[in-house]
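Each ligand, and each atom within it, is numbered from 1 in the order the structure gives. Residue numbers run from 1 in the order of the sequence given.
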Amino acid sequence: MEGSPIPVLTVQTAPYEDQRPTGGGGLRRPTGLFESQRNYLPNFVQSVLSSIDLRDRQGCTMVVGSDGRYFSRTAIDVVVQMAAANGIGRLVIGQNGILSTPAVSCIIRKIKAAGGIILTASHCPGGPGGEFGVKFNVANGGGFCLHSCCCNFSSLEWCLLEHFWEVNFPHHHPPLPSIFSCTPFHGTNDFTSVKQLLYLLLFLLILFFMGPYVRRVLCDELGAPANSAINCIPLEDFGGQRPDPNLTYATTLLEAMRGGEYGFGAAFDADGDRYMILGQNGFFVNPSDSLAIIAANLPCIPYFHQIGIRGFGRSMPTSTALDRVAKSMKVPVYETPAGWRWFSNLMDSGRCSLCGEESFGTGSDHIREKDGLWAVLVWLSIMAARKQSVEEIVTEHWTKFGRHYYCRFDYEALDPRTAYFIMRDLEALITDKSFSNQQFAVGNNVYTVLKTDSFEYVDPVDGTVTKRQGLRIIFSDTSRLIFRLSASSNVRATLRIYAESYEKDPSKHNMEPQAVLSPLIAIALKISQIHERTSRKGPTVIT
Ligand code: VG1
Ligand code: CO
């Protein structure tokens with residue numbers, strides 16, 4: 001078929017109401033929906049392709065990758081055939097269909113592609129009974145929220161291409177799929193001292209599909225022992241494990257680190273944008289602390305010598321530990337709603353060099369996504385420069401800046417109406433005048449309300465106002481309670497409660513976060529009545 005036009009097939013379709021955007025970056029749903037509902041994936045892919053202006057779309061290059069989960073190969077077949085019919089000129093696909101979210105962001109920018117499609121449900125479980133998803137990134141490499149196009153068409157166009165995995169299409173137009181090594185560039189650091197460190201540091205990683213990257217970057221290039229990278233073979237069901245890097249799900253790593261033999265442990269989520277760091281004996285680095293510590297140690301990273309440190313970004317629920325560092329460095333902090341796309345705008349305009357979220361994501365302006373492997377390399381660079389362990393770095397940071405105790409309660413799979421009404425009533429309660437200055441006495445602690453609001457973000461770049469991004473209660477001692485509904489989870493509704501409390505005194509830095517935060521949590525449960533209204537006894541997950 002070389003050189004001949006590929007016939008385009010037109011198929012009638014009907015829109016799916018549940019694909020209308022809710023604020024999250026992509027589409028994330030039970031795998032069964034993608035498998036059983038007619039045109040469920042093709043409809044969304046058409047929305048993605050239609051959102052690219054026709055003039056930009058004709059003959060352009062797009063990047064396609066997946067986290068290798070069940071249904072990824074079928075989905076890539078769909079994307080390739082529809083991209084061909086929609087005028088895309090060239091597709092760059094990861095080897096075996098695999099690319100991490102940060103890798104896609106990186107490749108889009110390097111090769112000046114029009115955008116990228118990532119088949120992943122991030123940290124959610126995979127397999128036929130698990131979840132599947134589609135993320136869409138645009139030309140700057142950042143995730144994009146589709147607005148209105150999901151329901152604007154009644155037909156889909158396909159090119160019936162077969163065997164494209166094996167075939168090179170040198171003279172074919174459209175499309176030109178080319179298979180790309182899944183381990184692109186991590187060029188922001190100088191790794192000489194990290195190499196030296198890795199010989200000394202016993203090292204363990206739990207990974208899911210991030211294996212190819214870790215093997216190449218940490219083992220082949222930096223010389224970490226091959227057996228320090230485990231779970232490295234991409235599996236459709238992640239070996240039955242949940243690819244969520246936190247203390248609840250990355251238990252194998254936690255137990256191995258508790259053995260005391262290893263000095264550094266890290267885990268990633270399925271699409272490689274989230275990470276968790278553990279030190280010797282399982283010492284946990286809270287993601288908000290990780291962000292603040294990386295910020296305070298940026299001078300250890302050569303990349304920032306070149307580009308300078310312009311500003312920092314954190315999502316509103318992320319602890320204010322970063323703000324203390326920023327203040328001492330005289331660097332501005334941007335407080336954004338949850339999700340990475342707000343940071344993209346800040347970075348594109350040159351306002352922001354380092355950003356992060358409490359949900360285990362950190363990144364810099366080298367790309368427009370959070371980047372788990374980058375964060376691990378930064379931690380190793382800091383350890384190499386300071387010649388200190390993870391625990392020493394963290395505790396020294398607390399001694400200098402104070403410790404922000406932090407935790408998050410997730411109530412998953414709630415009835416959406418119940419969750420909505422809990423939030424509505426809570427908003428009415430906390431924004432009522434009578435709530436300000438109210439005092440809550442729990443045990444020996446008294447908390448006085450200083451400020452409450454429904455968080456609103458004004459984008460400093462384009463002035464866009466985004467309202468209702470979470471309910472916030474700030475107390476007079478700077479403690480905070482935050483409530484918000486998840487925009488990314490799809491199984492019914494998820495309500496998140498975030499609690500933060502500051503402790504300056506180093507003699508009180510060794511306490512259990514949940515014990516320190518229990519009075520604040522008690523206030524949160526009392527004012528939201530969440531247990532009474534949902535008949536739950538506790539959260540689904542605590543991080
Ligand atoms: C969650 C996190 C948010 C993160 C988003 C995407 O959103 O809280 O911080 O950016 O997931 O993460 P929500 O709305 O459910 O709280 V991911 O790793 O897709 O890649
Ligand atoms: Co992810």
Side-chain angles (χ1 to χ4, degrees), residues 21-29 65-69 99-105 118-126 131-137 142-145 207-210 213 238 242-246 249-250 267-276 287-288 290-291 313-319 335-344 355-363 367-375 406 408-414 416 419 423 455 466 468-470 482-498 539-541 543:
T22 54
L27 180 71
R28 211 167 282 176
R29 296 281 181 272
S66 77
D67 62 10
R69 72 178 60 218
L99 285 174
S100 72
T101 291
V104 168
S105 182
I118 315 161
L119 291 318
T120 176
S122 193
H123 55 289
C124 302
E131 285 165 51
F132 192 77
V134 188
K135 287 183 177 182
F136 172 43
N137 288 34
F144 184 71
C145 183
L207 311 138
F208 296 94
F209 97 103
M210 282 299 280
Y213 296 88
F238 308 123
R242 193 151 159 172
D244 200 351
N246 59 39
Y249 295 115
F268 303 98
D269 75 338
D271 66 328
D273 53 0
R274 300 183 181 205
Y275 72 104
M276 175 177 73
S288 297
S290 178
L291 173 64
R314 65 164 173 84
S315 66
M316 181 274 278
T318 303
S319 96
E335 186 176 33
T336 63
W340 206 261
R341 63 198 165 98
W342 318 96
F343 298 142
S344 288
C355 300
E357 295 189 272
E358 50 67 44
S359 54
F360 297 83
T362 310
I367 53 171
R368 296 294 176 271
E369 285 283 2
K370 50 193 187 262
D371 188 342
L373 190 53
W374 178 87
Y406 189 84
R408 176 175 117 181
F409 278 31
D410 292 336
Y411 292 84
E412 294 175 354
L414 298 178
M423 288 297 284
F455 182 66
T466 312
R468 312 196 74 178
Q469 294 299 306
I482 289 139
F483 301 80
R484 61 177 282 276
L485 290 175
S486 156
S488 76
S489 65
N490 63 77
V491 190
R492 312 188 80 205
T494 296
L495 198 154
R496 307 196 198 283
I497 302 177
Y498 311 75
T540 327
V541 187
T543 44

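The contact set between ligand 1 and Lys135, taken as ligand atoms under 4.0 Å from a residue heavy atom, comprises 17 (V), 19 (O), 20 (O). Using a 4.0 Å cut-off to heavy atoms of Ala487, the atoms of ligand 1 that qualify are 13 (P), 14 (O), 15 (O). Annotation for ligand 1: atoms under 4.0 Å from non-hydrogen atoms of Ser488 are 1 (C), 7 (O), 11 (O), 13 (P), 14 (O), 15 (O). The atoms of ligand 1 that sit less than 4.0 Å from any heavy atom of Ser122 are 17 (V), 18 (O), 19 (O), 20 (O). Against a heavy-atom cut-off of under 4.0 Å, Arg496 is close to the following atoms of ligand 1: 13 (P), 15 (O), 16 (O). Annotation for ligand 1: atoms under 4.0 Å from non-hydrogen atoms of Asp273 are 17 (V), 18 (O), 20 (O). For ligand 1, the atoms sitting less than 4.0 Å from at least one non-hydrogen atom of Gly339 are 10 (O), numbered in the order shown with element in parentheses.
Ring-plane geometry between Phe409 and Tyr411 is classed as tilted, the angle between the planes lying from 30 to 60 degrees on a 0 to 90 degree scale. Ring geometry for Tyr498 against Tyr406 counts as tilted: the plane angle lies between 30° and 60°, on a 0 to 90° scale.
The CZ atom of Phe268 lies 11.0 Å from the CE atom of Met276; values are rounded to the nearest 0.5 Å. With rounding to the nearest 0.5 Å, the separation of CG in Leu485 from CE in Met423 is 4.5 Å. The CG atom of Leu99 lies 4.5 Å from the OH atom of Tyr213; values are rounded to the nearest 0.5 Å. Rounded to the nearest 0.5 Å, atoms CG (Asp67) and CZ (Phe238) are 4.5 Å apart.
Considering backbone and side-chain N/O of Tyr498, none are found under 3.5 Å from N/O of ligand 1. Any N or O atom pair closer than 3.5 Å counts here, and Ala338 shares no such pair with ligand 1. Between Trp340 and ligand 1, no N or O atom pair is found at a separation short of 3.5 Å.
Restricting Asp273 to its N, O or S atoms, the one at the least distance from the Co ion (ligand 2) is OD1. The minimum distance between the Co ion (ligand 2) and any N, O or S atom of Asp269 involves atom OD2. Here the N, O or S atom of Asp271 that is nearest to the Co ion (ligand 2) is OD1.
Counting heavy atoms closer than 4.0 Å to ligand 1, residue Asp269 contributes side-chain atoms (C-beta onward) but none from N, CA, C or O.
Residue-ligand proximity: Ser315 is placed with every non-hydrogen atom at 4.0 Å or more from ligand 1.
The closest donor-acceptor contact from the side chain of Arg69 to the backbone of Cys124 lies under 3.5 Å. Ser288 contributes a side-chain N or O that, together with a main-chain N or O of Ser319, makes up a donor-acceptor pair within less than 3.5 Å. Distance alone, capped at 3.5 Å, places no donor-acceptor pair between the Arg408 side chain and the Val541 backbone. No donor-acceptor pair closer than 3.5 Å links the side chain of Glu357 to the backbone N or O of Thr318.
With respect to atom 2 (C) of ligand 1, the closest heavy atom belonging to the protein is Ser359 OG, 3.5 Å. Protein heavy atom nearest atom 6 (C) of ligand 1, with residue, atom name and distance: Lys370 NZ, 3.7 Å. Looking only at protein heavy atoms, the nearest one to atom 4 (C) of ligand 1 is Glu357 OE1, 3.6 Å.
Defined by atom type and a distance below 3.5 Å, a donor-acceptor pair is present between the side-chain atoms of Asp269 and Ser122.
With 2.8 Å as the limit, Thr101 does not count as an N, O or S neighbour of the Co ion (ligand 2).
The option from Arg274, Arg28, His123 that lies nearest to atom 12 (O) of ligand 1, judged by heavy atoms, is Arg274.
For Glu335 and Arg314, the salt-bridge test passes: some basic side-chain N is under 4.0 Å from an acidic carboxylate O.
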